Structure formats: structure tokens, C-alpha cells
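Please read these numbers as outputs of a predicted model, since none were measured by experiment.
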Number of protein chains: 2
Amino acid sequence: MEHQRPKIVDVARLAGVSTATVSRVLSNPQIVSPETRELVEDAIRQTGYRLNHAARNLRHRRTGGVVALVPNLSNPFFSQILAGMAAVLAPAGYNLLVADTRTAGGDTVLGYAEPSRTDGLIVLDGALPADVLGRRPVVLACEWIPGLVAPRVNIDNRAAATMAVEHLADLGHRRIGHVAGPPGNVLTQARLAGAEQALKARGLPPPLVLQGDFSLESGRRAGAEWLALPADERPDAMFLASDAMACGFIGEVQHRGLTVPRDVSVMGFDDIELVAHMTPALSTIRQPREAIGRHAAQCLLSMIGGEASAEDIVLPVELVVRASTAAWPSR
Amino acid sequence: MEHQRPKIVDVARLAGVSTATVSRVLSNPQIVSPETRELVEDAIRQTGYRLNHAARNLRHRRTGGVVALVPNLSNPFFSQILAGMAAVLAPAGYNLLVADTRTAGGDTVLGYAEPSRTDGLIVLDGALPADVLGRRPVVLACEWIPGLVAPRVNIDNRAAATMAVEHLADLGHRRIGHVAGPPGNVLTQARLAGAEQALKARGLPPPLVLQGDFSLESGRRAGAEWLALPADERPDAMFLASDAMACGFIGEVQHRGLTVPRDVSVMGFDDIELVAHMTPALSTIRQPREAIGRHAAQCLLSMIGGEASAEDIVLPVELVVRASTAAWPSR
DNA sequence: CGGAGTTATGTAATCGATTTCAAGAGGGGT
DNA sequence: ACCCCTCTTGAAATCGATTACATAACTCCG
């Protein structure tokens with residue numbers, strides 16, 4: 001049966017050695033004498049042998065895979081983070097699995113937490129219950145889970161929000177509003193706190209806060225709410241907790257005939273690629289998404305490698321000033 | 001050692017049955033007598049037993065995973081397709097691995113093609129050499145590989161492009177340009193062909209074709225090239241082969257003081273979520289990305305399940321008319 | 001020249017499940 | 001009472017690699 005995949009014994013037989021030796025050539029070549037190694041390598045070539053990972057993993061008691069638990073795979077914010085993780089994991093011989101925590105249902109998430117399916121987890125969803133993740137390598141990226149002790153890779157959300165609001169204040173705005181993320185979310189809270197703190201420090205009134213959920217559509221709704229306010233009560237600058245919401249907000253406002261930044265300055269958060277090309281180009285806070293992914297992956301690998309527990313990593317953000325924010329009064 | 005994960009023999013011992021019986025309870029409960037089953041289930045609960053997938057997979061000669069080979073993970077166009085795939089695969093008990101074919105390097109892609117790592121492949125990158133994928137379950141989604149016989153899940157790119165150009169022609173435009181994708185790409189060719197065909201059928205001159213690569217930045221460059229043309233040579237409508245390029249194009253044109261659609265009508269392709277909220281909202285061709293992902297996954301599962309070879313699936317697109325296209329002459 | 005030390009290789013146990021085959025128990029028909 | 005059949009269950013082989021331990025050959029040194 002030539003359609004049968006050759007196994008290690010086939011190689012061993014052809015090379016006239018034991019399976020042990022073949023295995024050694026595969027995973028630890030330098031302990032085999034050069035002549036034998038040559039012999040085995042020839043046999044491998046001739047048979048077209050390919051290692052069976054399931055067997056190796058079983059013996060090694062590992063899986064060779066790590067999973068990223070993402071709250072919403074279709075959100076472009078995450079795709080670049082995944083790219084960063086993939087860039088680190090592939091060379092290290094690890095598979096990157098992805099799971100959408102909303103789609104999958106709690107059960108499936110629990111499934112991924114099983115040691116026999118993955119060697120570790122990168123959690124990007126702060127809303128997961130802390131106890132579904134057993135006692136195993138976990139790294140929290142971007143979001144975090146309040147009860148859970150695990151290394152975190154993220155940015156200083158509070159300081160970043162402060163930076164954003166200070167930019168608006170520096171432009172002379174005094175009535176500054178905020179469109180927050182979903183209630184209960186850790187990022188929502190940190191960014192709101194940062195915004196409030198900045199206003200307070202400047203002696204400005206607390207922000208008008210509208211509720212969103214990071215999505216485009218919720219930003220659009222916030223735009224509608226803003227428009228519905230009497231003109232003299234509208235904040236003249238808005239800081240939104242995500243770029244997606246900022247896009248929705250600006251879209252709604254401009255489709256109704258007003259202009260950004262003439263009628264309202266808008267500040268986003270994330271710096272997703274597209275917003276640099278909008279009209280107006282969005283001022284925002286840049287998160288180093290690729291780097292977040294890379295560091296999270298690296299951190300997880302070191303934990304899998306046995307390091308007791310890695311350090312938290314806080315990556316720097318950058319204020320990106322573009323055309324959606326302007327000095328007040330701007331008309 | 002109570003910290004050792006319990007294995008099937010531990011459960012068997014506690015329940016007073018053989019490992020075979022435990023295994024049967026796990027994977028085929030109805031062939032075990034109710035009393036014994038109860039016994040075993042109790043033992044499982046007491047020991048906290050969890051199945052080892054590596055062992056099961058070894059025995060079953062499968063991996064329980066499929067990989068999506070994506071040309072560029074950080075491109076939001078793909079994330080929603082991944083979401084669709086995940087939605088189908090997770091309930092079926094399959095892991096979704098993702099690999100970035102650009103990041104990984106040909107070697108790694110070959111690695112994923114190994115049967116011992118994945119049970120099947122969903123290829124979203126038409127630029128892969130046909131021979132790296134052995135003789136195993138493969139589905140091509142969106143893009144395809146000319147030499148490779150495998151079921152395809154995609155749209156009729158040529159007809160879609162025709163539809164886009166006809167929309168522009170219907171608006172009265174006569175000089176219609178096209179910004180194409182990267183040369184050699186199958187989508188580039190199909191969409192260009194569709195555009196040319198539509199113009200020809202209407203008796204309009206062939207399009208001015210600018211080269212892009214689907215990326216935002218290449219769209220911005222195309223915008224700059226368009227601007228650099230003498231005003232009386234500029235096409236008065238542009239059809240771009242991706243929404244990302246359309247965004248870049250519009251951004252560049254508007255940042256230089258012109259207005260869309262007054263100075264030029266712009267038509268995109270894909271309907272990524274954001275473009276509905278831009279100013280102006282982008283007219284485009286909607287690809288059912290989630291459905292593409294779902295069908296591709298389903299198709300792959302049926303091939304893994306033994307079906308000889310599934311049918312190609314062509315999903316319908318939709319012309320979405322928004323504000324970036326207007327009747328000519330529009331000023 | 002004998003024994004310790006090193007190097008290269010083979011034998012067989014092992015990772016943790018699934019599954020084939022055989023056998024025992026019980027039921028029903030004659 | 002006997003034979004055949006179905007229903008459960010267990011013993012042991014199996015999936016395909018890795019590795020602990022044993023062994024053989026060879027080197028080195030007093």
C-alpha cells in the first residue's frame with residue numbers, strides 16, 4: 001500500500017537502524033553519529049516520511065497550540081493583534097487557534113481551556129468568568145479580568161484617556177463629552193475615569209457621558225443623541241472610547257449636514273488603519289496593536305516554557321492629531 | 001499525587017469497570033447499560049476526569065483542527081470571514097487555526113498542510129503554489145489557485161465588477177477608471193475583465209487602469225495619480241477593486257480640496273462595515289463575508305467527512321448605492 | 001593491561017485514549 | 001433441556017512517536 005503514510009518504523013527499517021535512532025535524528029541530531037544520521041536522512045527522503053504531530057504531542061504531553069479568545073472576531077481591531085501573535089507563534093512552532101467567545105458559548109470556551117487542547121490561552125475578553133480558565137498559562141491582553149491573577153499586556157487606558165481629553169482642553173474646549181464603552185467593561189471604566197480626571201484637573205465640568213458599546217452602530221446612535229440635544233447644550237468636543245464609535249458618530253453628524261471639526265471636535269481611540277483616510281482624518285490615541293499581540297504571545301511562550309509568572313507589560317500609546325479636532329471656537 | 005490529571009484508567013478503577021467501558025461511555029453512551037453508565041459517570045464526576053484530545057486524535061488518525069491560510073491577517077476584510085468559519089467549526093468540534101501566509105514563510109505553510117497537523121485547509125490566498133497542499137481536503141474561498149482542483153466558495157467577481165461599472169454608466173459617466181488589485185491576482189483579473197466588459201457592452205471607451213494592491217495606501221497613491229492628471233483627462237468616475245483602496249482614494253482626493261462625488265464618483269468593492277459611515281458613504285458591492293466563511297467551513301467539513309468532492313458555491317453579491325456616486329455631470 | 005569514562009545504538013516501556021475480538025450472561029423458541 | 005442470538009463487558013492490541021535504561025564499542029590513563 002503505497003498510499004499509506006510512512007511511519008517511523010518504515011524509515012528505521014529502510015535505514016537499518018532502530019526507531020529510537022530515527023527519532024533522535026529528528027529531534028536531537030547532534031547525538032547521532034554523522035554516518036548514521038546521513039543514512040537516516042536518506043531514508044527519510046526516500047520514504048517521504050513526515051512526523052506525526054499527534055503522536056509526538058501525546059508523548060510530550062503538550063499540544064503545540066495556543067488559543068486566542070476574542071470577544072468579536074469580526075472586529076478589525078483584533079485582527080492586527082492576531083497578526084502580531086501569529087508572527088511570534090509560528091516561528092516558535094506553535095499553532096494559533098482563535099475562538100470567538102460570543103459565538104462559541106461558554107461551553108466551548110471551557111473546552112479550549114482544557115490542557116489537552118491548548119498549551120496556553122491569550123484572553124482578549126474581560127467579560128469571561130475568571131474560573132473557567134483552570135490553573136494554566138494565561139495572558140491577558142488589552143482587556144483583563146478583575147479577579148484573575150495573570151500577566152497583562154496592555155496600555156495605560158486611564159492615562160491615554162487623560163491624554164485625549166487634555167488635547168481637547170488644550171484646544172480651548174470647555175464642554176467635553178464622552179461616549180463610553182459597554183457598561184461593566186474594564187476599558188470603559190478606565191477610559192471614563194481618565195477623562196473625568198483630566199477635566200477635573202483642569203477645573204472643567206464633568207463630561208456629558210453617552211453610552212456606547214465600542215461598535216460603529218453605537219457611535220452612530222451617540223451621534224444622533226448629540227444632535228438631539230439643544231444646540232446650546234451640546235458638548236463642543238467629544239471623546240469616544242473607540243475609533244469605530246468615532247466613525248459612526250462623525251458619519252451621523254455629517255450626514256445630517258453638520259461638519260467636523262467645525263461644529264464639533266471628535267477624538268477617537270485605537271487608531272485603526274482606516275481612520276487616517278477619513279474625511280476629516282480622525283484624531284485619536286494610537287494603540288500599538290501588533291506589538292500587543294507580539295508581547296502577549298511572547299509572554300505566554302515564556303510561561304509555557306516554565307517561567308513562574310511573567311511581568312505585566314504596559315505599552316506606550318501615542319496621541320495622533322489629525323483633522324477632526326480643532327481650536328474652539330472654530331466657527 | 002492528587003495534582004496529576006486523572007486518566008481513563010483512574011476512572012475505570014474507581015467505577016470498577018474496564019477502560020473500554022469508560023471509553024464507550026465517553027463516545028457511545030447508548031451501548032452501555034444504564035447502570036454501568038451511571039457508575040462511570042459518577043466516577044468521572046468524582047475524579048474530575050477530562051479527556052485527553054491528543055490521545056484520542058492519535059487513535060482516530062485525525063487532528064480535530066482545520067487551518068485558514070490568510071494572505072494578510074491584519075486586513076479587516078478577512079476577520080469577518082474567519083468569524084463565519086468559527087461559527088460553523090466550533091459546534092462541530094473543530095479547532096480553527098489561522099496562519100498568515102505572508103508572515104509565516106512558505107515553510108510554515110507547508111507545515112500546516114501536513115495531515116498530522118490539520119484535517120483540512122481553507123485557502124484564502126490565491127498566490128500559494130498549488131503543490132504545497134498535498135492531496136487532502138482543501139477548500140478555496142474568495143481567491144483561488146489556477147492549477148488546483150478543489151471546491152471554491154466565492155462570488156462571481158466578473159459579474160460583480162460589471163454590475164459596479166454599469167451603475168456608474170447608468171449615472172451617465174462615460175470616462176470611467178479602474179484601480180486594480182495586485183498584478184497576477186485572480187481577483188484583479190476577474191474584476192478588471194468585468195469592468196472592461198461592461199464598458200465595451202455600453203460602447204464606452206476602455207478604462208484608465210491604475211495599479212493598486214487592495215491596500216488603503218495603494219488607494220491613496222491612486223488618488224494622487226488621479227489628481228496629477230490634467231483635469232480634462234481625469235475619469236469622472238472610478239471603480240476600485242476594494243473598499244480599502246476606495247477609502248484611501250477618497251481620503252487623498254478630499255484632503256486635497258476636491259469633493260466626492262461632485263468632482264469624481266467613487267465605487268468600492270467588498271462593503272466592509274466602516275464604509276457605510278464615511279463621508280460620503282461609499283457605494284460598493286457587498287460580499288457576504290460571513291456566509292463565505294460559513295459555507296467554506298461547511299464545505300470543508302463535508303469533505304473531511306468523506307464526501308468525494310463538494311460543489312463550487314457562488315454566493316450572490318449586492319449593489320449598495322450610497323453617496324459616493326452621483327449623476328454626471330454633477331457640478 | 002585493566003578499569004573508568006564516553007559515545008552510539010538498541011530494546012522496550014510509555015504517553016492516554018479507542019477498538020477488535022472473545023467471552024459470559026440472559027432470553028426465547030422448540 | 002438445548003441451541004442460537006442479543007446484549008454487555010473485558011483483555012489486549014493499536015495509534016506513532018519519545019525516552020529511560022541497558023549494552024556494546026572504543027578511548028584514555030595510570
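- In this structure, CG of A:Leu58 is placed 12 Å from P of C:dT18, rounded to the nearest angstrom.
- Note on A:Ser33: only backbone sugar-phosphate atoms sit closer than 4.0 angstrom, heavy atoms only; bases stay farther off.
- Ionic pairing of A:Arg102 and A:Asp125 is present here: one or more N-O contacts between side-chain nitrogen and carboxylate oxygen are shorter than 4.0 angstrom.
- Rounding to whole angstrom units, NZ of residue A:Lys7 and C1' of D:dA17 are separated by 10 Å.
- For the pair B:Glu38 CD and D:dT8 P, the interatomic distance rounds to 15 Å; values are reported in whole Å.
- For the atom pair CD1 (B:Ile155) and CD (B:Gln287), the distance works out to 3.5 Å, reported to the nearest 0.5 Å.
- For A:Arg59, no side-chain nitrogen or oxygen approaches OP1 or OP2 of C:dT14 to under 4.0 Å.
- Distance A:Arg56 CZ to C:dA17 P: 21 Å, rounded to the nearest Å.
- As judged by a 4.0 angstrom heavy-atom cut-off over every strand, B:His60 is placed among residues touching the sugar-phosphate backbone only.
- Residue contacts for A:Val17: at a heavy-atom cut-off of 4.0 Å it reaches the sugar-phosphate backbone alone, with no base atom in range.
- An OP1 or OP2 oxygen of C:dG16 is reached within less than 4.0 angstrom by no side-chain nitrogen or oxygen of B:Tyr49.
- Within 4.0 Å of B:Val9, counting heavy atoms only, lies no atom of the nucleic acid at all.
- Between A:Asp42 and A:Arg45 there is a salt bridge, since at least one side-chain N of the basic residue sits less than 4.0 Å from a carboxylate O of the acidic one.
- Rounded to whole angstrom, the span from the CG atom of B:Asn57 across to the P atom of D:dT14 amounts to 21 Å.
- Nucleotide D:dT18 holds its C1' atom 13 Å from the CG atom of A:Asn52, rounded to whole Å.
- Rounded to an integer number of Å, the gap from CG of A:Leu26 to C1' of D:dT18 is 10 Å.
- In this structure, A:Ser23 reaches the bases: a heavy-atom distance under 4.0 Å links it to at least one base atom across the strands shown.
- Contact annotation: B:Thr21 side-chain N/O to D:dG10 OP1/OP2 distance is under 4.0 Å.
- Minimum heavy-atom separation, A:Ile292 to A:Cys142: CG2-SG, 4.0 Å.
- Looking at heavy-atom distances under 4.0 Å, B:Arg50 makes contact with sugar-phosphate atoms alone, never a base.
- Between B:Arg37 and B:Ala55, the one whose closest nucleotide on DNA chain D sits nearer the 5' end is B:Arg37.
- For the pair B:Ile8 CD1 and C:dC15 P, the interatomic distance rounds to 14 Å; values are reported in whole Å.
- Here B:Arg61 reaches the OP1 or OP2 of D:dG16: one of its side-chain N or O atoms lies under 4.0 Å away.
- Salt bridge A:Arg294/A:Glu290: present, at least one basic N to carboxylate O contact under 4.0 Å.
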